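First comes the structure, then the notes that go with it.
The first residue in the sequence is number 1, and the count goes up from there. Just so you know, these numbers come straight off a predicted model, no measurement behind them.
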Amino acid sequence: MAKTKFPEGFLWGGALAANQVEGAYLEGGKGLTTVDLLPTGEKRFELMLGKVDSLRPMEGYFYPSHEAIDFYHTYKEDIALFAEMGFKALRVSISWTRIFPNGNDEQPNEAGLQFYDDVFDELLKYGIEPVVTIAHFDVPVHLVEQYGSWRSRELVKFFERYATILFERYKGKVKYWMTFNEINMLLHLQFVGAGLVFKEGEDQNQIKYQAAHHQLVASSLAVKACHEIIPDAKIGCMLAAGSTYPYTCNPEDIYSAMEKDRESFFFIDVQSRGEYPGYAKRFFRDHNLNIQMEPEDEEILKNHTVDYIGFSYYASRVTSTDPEILKQMTGGNVFGSVENPYLEKSEWGWTIDPKGFRITANQLYDRYQKPLFVVENGLGAVDEVTPDGEVHDDYRIDYLAKHVAEIAEAIEDGVEIIGYTSWGPIDIVSASTGEMKKRYGYIYVDKDNEGNGTLKRLKKKSFHWYKQVIQSNGENLEN
């Protein structure tokens with residue numbers, strides 16, 4: 001591998017989501033969000049898919065997001081630990097219902113605005129750049145009840161108002177923004193991605209792509225507002241990325257892999273290029289989808305494209321058109337994949353493919369010719385604390401070192417990359433399973449899947465490893 005120097009000013013850091021760390025789910029005037037309704041266990045996944053019985057927390061279930069790791073009260077201590085590692089950036093999200101408890105309130109909630117003021121001030125005190133996601137899997141429940149969430153055009157207006165308030169309030173503190181986290185997840189986890197609840201017999205494709213259109217217009221209007229209010233800011237989109245490999249060189253497999261990738265690229269094509277691609281228009285025709293658009297929508301999309309492409313990378317995927325091969329599907333990941341015989345898997349069945357990281361980065365840069373920002377990448381694993389209070393997570397160091405090395409290769413390939421914020425720099429509630437057992441962090445949090453524990457923070461071996469990576473600007477990846 002080439003010995004690549006990461007660019008000066010490269011933004012090393014970590015990434016968090018409000019609903020997975022903050023807790024305090026009804027403190028400070030906050031309203032209910034969709035994530036507040038996701039318990040642990042099998043029921044969680046049903047809800048994620050839009051099979052929703054109740055839009056209130058139910059008796060007899062444990063809701064991990066309600067306390068999470070209590071970042072709402074411990075952010076100063078946690079940020080101090082990130083600063084000790086040398087973070088240059090921290091990606092966070094803002095909870096929509098901390099700012100507008102119902103999502104469509106006439107006036108914002110000052111307590112919520114002040115909380116994020118305090119968080120950003122604490123970051124800036126240490127020279128850590130806030131990277132802020134406006135919507136990260138937490139649609140206000142009131143908007144689901146009253147409007148059917150993103151099915152309704154009304155949400156475009158509410159989101160624009162919400163984003164505009166954020167830009168005006170934090171224009172002196174935040175220079176990096178993203179509109180929707182993993183926007184393509186709308187097609188896979190509809191309740192999480194867009195607050196969609198389905199009724200029996202509905203055309204789910206029609207609803208999903210209509211909701212997608214509304215999110216895309218809302219994203220463009222947020223870009224417009226950001227550019228007007230904070231001219232020197234950068235605002236991007238965010239993709240759950242990972243290249244799809246054909247299982248064989250059969251042209252049918254090749255085409256199937258291209259179609260799988262296009263399911264995700266569709267969103268970024270619109271946000272980055274400013275118009276619907278031809279393949280999407282054909283998909284709408286072939287599936288008799290009638291996407292309602294306002295006369296001004298094409299102009300809005302065209303004139304207000306993103307400045308950079310944010311993306312998460314955890315795994316590559318494999319597809320086949322052979323029914324027998326399709327029986328070899330791997331579990332664990334939201335994106336279905338045929339098992340790749342050349343790669344190992346994590347404890348949760350996620351394929352480990354560092355080379356795929358480089359492939360994905362090149363694919364995105366070739367396609368969009370815009371700067372990339374790696375805003376999620378990490379390994380969920382079971383960590384054990386030794387009797388002397390240590391966590392020897394060499395497996396995590398190995399995973400991250402191999403992935404960072406491939407990002408260095410992508411930079412050598414000519415890919416422009418702004419920064420790398422690994423997922424879960426501190427243990428958090430898993431988005432997919434709601435577990436604490438599935439840990440990503442450099443910092444261990446004493447809490448289990450049932451909510452028991454002291455919440456005490458403990459530096460893992462990877463904490464010290466990542467500190468040296470940042471100090472050396474990516475040159476020293478040795479364990």
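Residues forming a salt bridge (Lys or Arg N to Asp or Glu O under 4.0 Å) with D232 (at least two apart in sequence, or on another chain): K175. Under the salt bridge (Lys or Arg N to Asp or Glu O under 4.0 Å) criterion, R358 pairs with E409, D413, sequence neighbours left out. Annotation: side-chain contact (heavy atoms from CB on, under 4.5 Å) contacts of A135 (sequence neighbours excluded): F159, F180. Legend: residues meeting side chain to side chain donor-acceptor pair (under 3.5 Å) with S152, ordered by chain and number and at least two apart, are absent. Residues satisfying the ring pair (Phe, Tyr, Trp, His ring centres under 6.0 Å) criterion with Y147, sequence neighbours excluded, are F158. In this structure S430 satisfies the side-chain contact (heavy atoms from CB on, under 4.5 Å) test together with S432, T433, K438, sequence neighbours excluded. Partners of K76 according to the salt bridge (Lys or Arg N to Asp or Glu O under 4.0 Å) rule, which considers only residues two or more places apart in sequence or in another chain, do not exist here. In this view, S65 and V35, D36 satisfy the side-chain contact (heavy atoms from CB on, under 4.5 Å) rule, not counting sequence neighbours. Looking at residues two or more places apart in sequence or on another chain, you find a salt bridge (Lys or Arg N to Asp or Glu O under 4.0 Å) between R169 and E110, D117.
The only option from Y313, Y314, Y420 that meets the side chain to side chain donor-acceptor pair (under 3.5 Å) definition with E376 turns out to be Y314.
Between atom OH of residue Y75 and atom CG of residue L123 there is a gap of 10.0 Å, rounded to the nearest 0.5 Å. From L90, atom CG reaches atom CG of D78 across 10.0 Å, with rounding to the nearest 0.5 Å. In this structure, the separation between CZ on F198 and CZ on R151 is 6.5 Å, given to the nearest 0.5 Å. A distance of 9.5 Å separates CD1 of I128 from NZ of K88, quoted to the nearest 0.5 Å. Rounding to the nearest 0.5 Å gives a distance of 8.5 Å between CD1 of I309 and CG of L239. Rounding to the nearest 0.5 Å places CG of L124 at 7.5 Å from NZ of K173.
Looking at H464 and Q468, their side chains never bring a donor and an acceptor atom within 3.5 Å of each other. Side-chain contact of E27 with H73: a donor-acceptor pair under 3.5 Å is present, judged by distance alone. For the 3.5 Å distance criterion, the side chains of T179 and S219 qualify, holding a donor opposite an acceptor. Between D138 and T33, the side chains place no donor N or O within less than 3.5 Å of an acceptor N or O (distance only, hydrogens not considered). Side chain to side chain, N19 and Y25 fail the donor-acceptor criterion of an N or O pair below 3.5 Å. Side chain to side chain, N362 and R367 fail the donor-acceptor criterion of an N or O pair below 3.5 Å. In this structure, a donor-acceptor pair under 3.5 Å is absent between the side chains of Q215 and H213.
Between F266 and Y276, the distance separating the two ring centers is shorter than 6.0 angstrom. Residues Y116 and Y170 keep their aromatic ring centres 6.0 Å or farther apart. Separation of the F463 and Y442 ring centroids does not fall under the 6.0 Å cut-off. Two rings, from W12 and F10, have their centers less than 6.0 Å apart.
No donor-acceptor pair under 3.5 Å is formed between the side chain of E46 and the backbone N or O of E42. Judged purely by atom type and a 3.5 angstrom limit, K467 has no side-chain atom pairing as donor or acceptor with the backbone of F87. Side chain of H214 to main chain of W150: a donor-acceptor pair is present (N/O by atom type, distance under 3.5 Å, no hydrogens or angles). Looking only at distances, no side-chain donor or acceptor of E67 sits under 3.5 Å from a matching main-chain atom of P64. No donor-acceptor pair closer than 3.5 Å links the side chain of N102 to the backbone N or O of N104. Remark: the backbone N or O of G380 is not paired with any side-chain donor or acceptor of R396 at under 3.5 angstrom. Checked by atom type and distance alone, the side chain of N449 never pairs as donor or acceptor with a backbone atom of E435 at under 3.5 Å. Of the possible polar contacts, one joining the D446 side chain to the T454 backbone as a donor-acceptor pair under 3.5 Å is found. Checking side-chain atoms of K208 against main-chain N and O of L186 turns up no donor-acceptor pair under 3.5 Å.
At most 12 non-hydrogen atoms from other residues, nucleotides or ligands lie less than 6.0 angstrom from CD of Q107. Atom CD of E77 has more than 12 heavy atoms from other residues, nucleotides or ligands within 6.0 Å. Atom CD of E299 has 12 or fewer neighbouring heavy atoms from other residues, nucleotides or ligands inside a 6.0 Å radius.
Under the side chain to side chain donor-acceptor pair (under 3.5 Å) criterion, the residue pairs touching residues 153-165 are R153-D297, E154-K157, with sequence neighbours excluded. Among residue pairs with one or both ends in residues 47-57, those qualifying as side chain to side chain donor-acceptor pair (under 3.5 Å) are K43-D53, R56-E145; sequence neighbours excluded. For residues 6-24, the set of pairs meeting the salt bridge (charged side-chain N to carboxylate O under 4.0 Å, His left out) definition, not counting sequence neighbours, comprises E22-R98.
Between S264 and N184 the shortest heavy-atom distance is OG-ND2, 3.0 Å. Shortest non-hydrogen contact noted between Y368 and S272 is CD2-OG, 3.6 Å. Here the closest non-hydrogen pair linking V139 and A194 is CG2-C, 3.9 Å.
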Verdict with supporting geometry, T34 and V144, side-chain contact (heavy atoms from CB on, under 4.5 Å): CA-CA 8 Å; T34 47; V144 179; 4.0 Å; yes
Take Y63 and L38 through the side-chain contact (heavy atoms from CB on, under 4.5 Å) test and state the conclusion after the steps. CA-CA 6 Å; Y63 292 86; L38 298 180; 5.7 Å; no
Could you go step by step and tell me if D393 and R439 meet the salt bridge (Lys or Arg N to Asp or Glu O under 4.0 Å) rule? CA-CA 10 Å; D393 57 339; R439 299 177 183 274; over 6 Å; no
Test Y399 against H403 for ring-ring contact (aromatic ring centres under 6.0 Å, His included), laying out the working first. CA-CA 6 Å; Y399 175 99; H403 281 76; 4.0 Å; yes
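Looking at I183 and I268, their side chains come closer than 4.5 Å, going by heavy atoms from C-beta outward. Between Y466 and L400, the closest side-chain pair of non-hydrogen atoms is not below 4.5 Å. Between N476 and V469, every side-chain heavy-atom pair lies at or beyond the 4.5 Å cut-off.
Note: Y176 and F373 have perpendicular aromatic rings, judged against thresholds of 30 and 60 degrees for the angle between ring planes. The aromatic rings of W423 and H136 sit parallel to each other, their planes meeting at less than 30°, with 60° as the upper class boundary. Under the 30°/60° scheme for interplanar angles, the aromatic rings of W177 and F167 are found to stand perpendicular.
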